[in-house]
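For reference, the structure is listed below as structure tokens.
Note that the numbering runs from 1 along the sequence shown for the chain.
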Amino acid sequence: MNKIVPISLLFFLIGTASTFAQAKSDAVLVAKDTTKLEEIDPLTPAKAAFYSAILPGLGQAYNKKYWKIPLVYGAIGTSLYFYIDNNKKYHDYRDAYKRRLEGYNDDNYQFLDDDRLIAGQKFYQRNRDLSALFVVGFYVLNIIDANVDAALIQFNVNERLSMRPEIYPNDVTFRPNVGLTFNYTFK
């Protein structure tokens, strides 16, 4: 009997403390609409591609992917540098070969015979043409990247849809298996 009184007093105090701790509020709960879709502008990819076609890197700036701009200019600039350098060397070899055909032998390539000058012309002409192809390729890739990136920005990516790697044991051999789980949470 001596232990029952303190225990019942303890439960009484704990029970009253929790009721006094609650405060009454007049807050109105409003349900959040989770099915509401955000506005999608179907012209956004076309705008980004157009901006990149006007000035390389402008479409990436429109998409707010600023880190891609130096990559675009680096790729196009490097290809353009090699185009100009190979074009200059091609013209040097061609002019030296033309002067040899005219009978002059006072060029910078006196140590090369005519066959080597022709081979040098072909080599630098091929590299020049490849460099021009790379310039055009990186320019087109810049436009495609801006277009695809603008289209992918509009996709709804939230925490309800997820893909996670999972390691689970095999039922027979108890060896670990690796797999992917696709989860969609309904709220």
Side-chain angles (χ1 to χ4, degrees), residues 32-99 107-109 111-112 114-168 176-187:
K32 183 179 176 185
D33 187 11
T34 59
T35 61
K36 182 180 177 185
L37 297 175
E38 295 180 18
E39 280 293 319
I40 295 176
D41 184 13
L43 296 178
T44 300
K47 284 181 188 177
F50 177 73
Y51 291 153
S52 277
I54 296 292
L55 181 67
L58 194 58
Q60 283 76 10
Y62 176 74
N63 292 334
K64 294 181 177 63
K65 302 286 182 170
Y66 302 110
W67 63 273
K68 290 183 179 181
I69 297 172
L71 298 177
V72 168
Y73 280 108
I76 293 175
T78 302
S79 301
L80 196 59
Y81 167 77
F82 282 116
Y83 173 81
I84 292 169
D85 186 50
N86 287 319
N87 189 39
K88 179 182 166 285
K89 289 179 182 176
Y90 164 72
H91 284 290
D92 287 346
Y93 274 80
R94 189 186 68 174
D95 293 342
Y97 181 68
K98 283 183 176 180
R99 287 187 58 83
D107 53 37
N108 293 336
Y109 302 106
F111 58 92
L112 297 175
D114 291 346
D115 293 334
R116 291 289 149 203
L117 286 176
I118 293 172
Q121 284 182 56
K122 289 181 181 178
F123 175 76
Y124 287 115
Q125 183 180 18
R126 184 175 142 276
N127 286 347
R128 179 195 65 182
D129 295 344
L130 280 174
S131 297
L133 187 65
F134 276 109
V135 169
V136 171
F138 283 129
Y139 178 74
V140 170
L141 191 63
N142 157 54
I143 296 170
I144 292 171
D145 174 63
N147 188 340
V148 170
D149 195 27
L152 290 178
I153 284 175
Q154 296 181 3
F155 280 103
N156 184 12
V157 180
N158 57 20
E159 294 298 320
R160 291 176 18 178
L161 180 63
S162 64
M163 179 176 67
R164 295 186 189 109
E166 185 176 326
I167 299 174
Y168 57 92
N177 289 338
V178 179
L180 290 175
T181 60
F182 293 99
N183 300 321
Y184 185 76
T185 306
F186 294 98
K187 291 184 181 183

What's the shortest heavy-atom distance between [X] and [Y], and which atoms?
X	Y	answer
G57	N142	N-OD1, 3.4 Å
N108	F111	O-CE2, 3.5 Å
G179	Y168	N-CE2, 4.3 Å
A75	S79	O-OG, 3.0 Å
V135	I76	CG2-O, 4.3 Å
A150	P45	CB-CA, 3.6 Å

Is there a donor-acceptor contact under 3.5 Å from the side chain of Q60 to the main chain of S52?
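No, because the side chain of Q60 does not come within donor-acceptor range (under 3.5 Å) of the backbone of S52.
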
Test item: I153 and N63 side chains (from C-beta on) under 4.5 Å apart, heavy atoms
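Side-chain contact under 4.5 Å: yes.
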
Can you find a heavy atom in the side chain of Y97 that is under 4.5 Å from one in the side chain of D114?
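In contact.
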
Salt-bridged, D145 to K65, with N to O below 4.0 Å?
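No, D145 and K65 are not salt-bridged.
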
Any salt bridge linking D95 with R99? Criterion: basic side-chain nitrogen under 4.0 Å from a carboxylate oxygen.
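Salt bridge flag = no for R99 with D95.
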
Candidates I84, N87, N86 - the one meeting side-chain contact (heavy atoms from CB on, under 4.5 Å) with S131:
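Of I84, N87, N86, side-chain contact (heavy atoms from CB on, under 4.5 Å) with S131 is met by N86 alone.
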
Please evaluate residues R126 and K122 with respect to the criterion side-chain contact (heavy atoms from CB on, under 4.5 Å), reporting the C-alpha separation (whole Å), side-chain torsions for both, the decisive distance (0.1 Å), and the verdict.
CA-CA 6 Å; R126 184 175 142 276; K122 289 181 181 178; over 6 Å; no

Mind running side-chain contact (heavy atoms from CB on, under 4.5 Å) on D149 and K68 for me, showing each step along the way?
CA-CA 11 Å; D149 195 27; K68 290 183 179 181; 3.8 Å; yes

CG-CG distance between L152 and N147, expressed to the nearest 0.5 angstrom:
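Here the interatomic distance stands at 9.5 Å.
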
For residues 72-95, which residue pairs qualify under ring-ring contact (aromatic ring centres under 6.0 Å, His included), counting only residues two or more places apart or in two chains?
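Listed by first then second residue: Y93-Y109, Y93-Y124.
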
What residues form a ring pair (Phe, Tyr, Trp, His ring centres under 6.0 Å) with Y139, not counting sequence neighbours?
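For Y139, no residue satisfies ring pair (Phe, Tyr, Trp, His ring centres under 6.0 Å) once neighbours in sequence are set aside.
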
